[in-house]
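All remarks here apply to the structure that follows.
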Amino acid sequence: RSGVEELASAMRGAVIRRVYACARARSGARRPSAKLAVLHIPTGHRMPIITGTTRVFFILGDPVAQVRAPEVYNHLFQQNGIDAVLVPLKLSGAKLPAFLEHGIAAENIGGLWATIPHKAQLYDLIQPSDPVAQVAGAVNAVRRLPSGKLDAALFDGIGFVKGLDHFGIPVEGRRVLVVGAGGGGHAVAAAIALRQPAHLAIYNRTPERAHSLAQRLQPLIGARAAAVATNDPAGFDLIVNCTSQGLKPGDEMPFDPARV
């Protein structure tokens, strides 16, 4: 199996990214809590055993001291019996093109993850066909195909809609409001658009960013994607917070939950 398939198998049933959502599912699905599930990593778990058959994955960033992906995925690899290891690499943007050409050419390298500041630059260098990545103009996962060509995708939004699946919250045919049109908003809105909502509204404090995102969504769902002038959640079935509000304890939501 490909590195992406192995990763998807390991991740199944777990929501890695912390997301914030308020939903009113008219089908009667139960209301989720504000914070979806976060993978629990036991303390003191053993280091991975690396052999000559181990597949190697990287996470690229600059800096990388803050990344927790190796803790998460190496634990998942062990838990699911996958002979693989994830290693952080601190790499400047100036060295990224050469790294893509030579640094991941080894046959036992399965691919890489990307974090700040490489997501947009990787998109420009690889030009992937992934529709979510095309809307966001960024990728966070890269692999080398058997042909030698690099392929890439953006998994942030996919992780979010998988979280909705876990809680039984449907998207197809629903009215959805996405609040926030930054990088996370682009990824989440694109993944939601692929689920064919009846209407996908985008709100951002800077209206131009909301209009830009709505236009980028047109190839996926046409005129059903539109920018709105207010963050009022009344009348929507699903409201998604893609702003930075809510990341800290005590933060207020960027809309009035009582209006849901």
Which heavy atom of [X] sits nearest to which heavy atom of [Y], and what is that distance?
| X | Y | answer |
| --- | --- | --- |
| P70 | P88 | CG-CD, 3.9 Å |
| A136 | A187 | CB-N, 4.3 Å |
| P128 | A152 | CB-O, 3.3 Å |
| D156 | K119 | OD2-NZ, 3.5 Å |
| G103 | I109 | O-CD1, 3.5 Å |
| A189 | I202 | CB-CD1, 4.0 Å |

When hydrophobic residues are tied together by side-chain contacts of less than 4.5 Å, even through go-betweens, does [X] share a cluster with [Y]?
| X | Y | result |
| --- | --- | --- |
| L89 | I50 | yes |
| Y73 | V64 | yes |
| L150 | V56 | yes |
| I126 | F99 | yes |
| W113 | V87 | no |

Salt bridge (Lys or Arg N to Asp or Glu O under 4.0 Å): pairs with one or both residues in [range], sequence neighbours excluded:
| range | answer |
| --- | --- |
| residues 181-194 | none |
| residues 182-191 | none |
| residues 123-139 | none |

Check whether any side-chain heavy atom of [X] lies under 4.5 Å from a side-chain heavy atom of [Y], and answer yes or no.
| X | Y | value |
| --- | --- | --- |
| P97 | Q121 | yes |
| L96 | L122 | yes |
| K149 | S147 | yes |
| F236 | R174 | no |
| D237 | V176 | no |
| V85 | F57 | no |
| T115 | V67 | yes |
| L112 | I59 | no |

Contacts under 3.5 angstrom, residues 249-257 side chains, donor-acceptor by atom type, not counting sequence neighbours:
{"from": "D251", "atom 1": "OD2", "to": "G246", "atom 2": "N", "distance (Å)": "3.0"}
{"from": "D251", "atom 1": "OD2", "to": "K248", "atom 2": "N", "distance (Å)": "3.2"}
{"from": "D256", "atom 1": "OD1", "to": "A258", "atom 2": "N", "distance (Å)": "3.0"}

At what distance, to the nearest 0.5 angstrom, does [atom1] of [X] lie from [atom2] of [Y]?
| X | Y | atom1 | atom2 | result |
| --- | --- | --- | --- | --- |
| N140 | L154 | CG | CG | 5.0 Å |
| F58 | I104 | CZ | CD1 | 8.5 Å |
| T230 | Y203 | OG1 | OH | 6.5 Å |
| F160 | I192 | CZ | CD1 | 5.0 Å |

Pairing residues for [X] by the side chain to side chain donor-acceptor pair (under 3.5 Å) criterion, not counting sequence neighbours:
| X | result |
| --- | --- |
| N204 | none |
| D232 | R259 |
| T53 | T51, D83 |

Please list all pairs meeting side-chain hydrogen bond (donor to acceptor under 3.5 Å, both in side chains) that have one or both residues in residues 87-111, counting only residues at least two apart or in different chains.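 For residues 87-111, and leaving out neighbouring residues, the side-chain hydrogen bond (donor to acceptor under 3.5 Å, both in side chains) pairs sorted by first residue read D62-K90.
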Check whether H118 reaches the backbone of A114 with its side chain - one donor and one acceptor, N or O, closer than 3.5 Å. no
So does D151 get a backbone contact from the side chain of R144, meaning a donor-acceptor N/O pair under 3.5 Å? no
Mind checking salt bridge (charged side-chain N to carboxylate O under 4.0 Å, His left out) for R195 and listing every partner two or more places apart, or none if nothing turns up?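 Counting only residues at least two positions away or on another chain, R195 forms a salt bridge (charged side-chain N to carboxylate O under 4.0 Å, His left out) with D165.
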Single hit among N231, V178, V179 for side chain to side chain contact (heavy atoms under 4.5 Å, CB included) with T243: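 Going through N231, V178, V179 one by one, the side chain to side chain contact (heavy atoms under 4.5 Å, CB included) with T243 is satisfied by V179 alone.
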Output all residues satisfying side chain to side chain contact (heavy atoms under 4.5 Å, CB included) with I116, sequence neighbours left out; order by chain, then residue number.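 Expected list: none.
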Counterpart residues, side chain to side chain contact (heavy atoms under 4.5 Å, CB included), relative to I158 (two or more places apart): F155, K162
Name the atoms and distances for all side-chain donor-acceptor pairs under 3.5 Å in residues 211-225, with sequence neighbours left out.
{"from": "R216", "atom 1": "NE", "to": "V135", "atom 2": "O", "distance (Å)": "2.3"}
{"from": "R216", "atom 1": "NH2", "to": "Q134", "atom 2": "O", "distance (Å)": "2.8"}
{"from": "R216", "atom 1": "NH2", "to": "V135", "atom 2": "O", "distance (Å)": "3.0"}
{"from": "Q218", "atom 1": "NE2", "to": "A214", "atom 2": "O", "distance (Å)": "3.2"}
{"from": "Q218", "atom 1": "NE2", "to": "G222", "atom 2": "O", "distance (Å)": "3.4"}
{"from": "Q218", "atom 1": "NE2", "to": "A225", "atom 2": "O", "distance (Å)": "3.2"}
{"from": "R224", "atom 1": "NE", "to": "I221", "atom 2": "O", "distance (Å)": "3.3"}
{"from": "R224", "atom 1": "NH1", "to": "Q196", "atom 2": "OE1", "distance (Å)": "3.2"}
{"from": "R224", "atom 1": "NH1", "to": "P197", "atom 2": "O", "distance (Å)": "3.1"}
{"from": "R224", "atom 1": "NH2", "to": "Q196", "atom 2": "OE1", "distance (Å)": "2.6"}

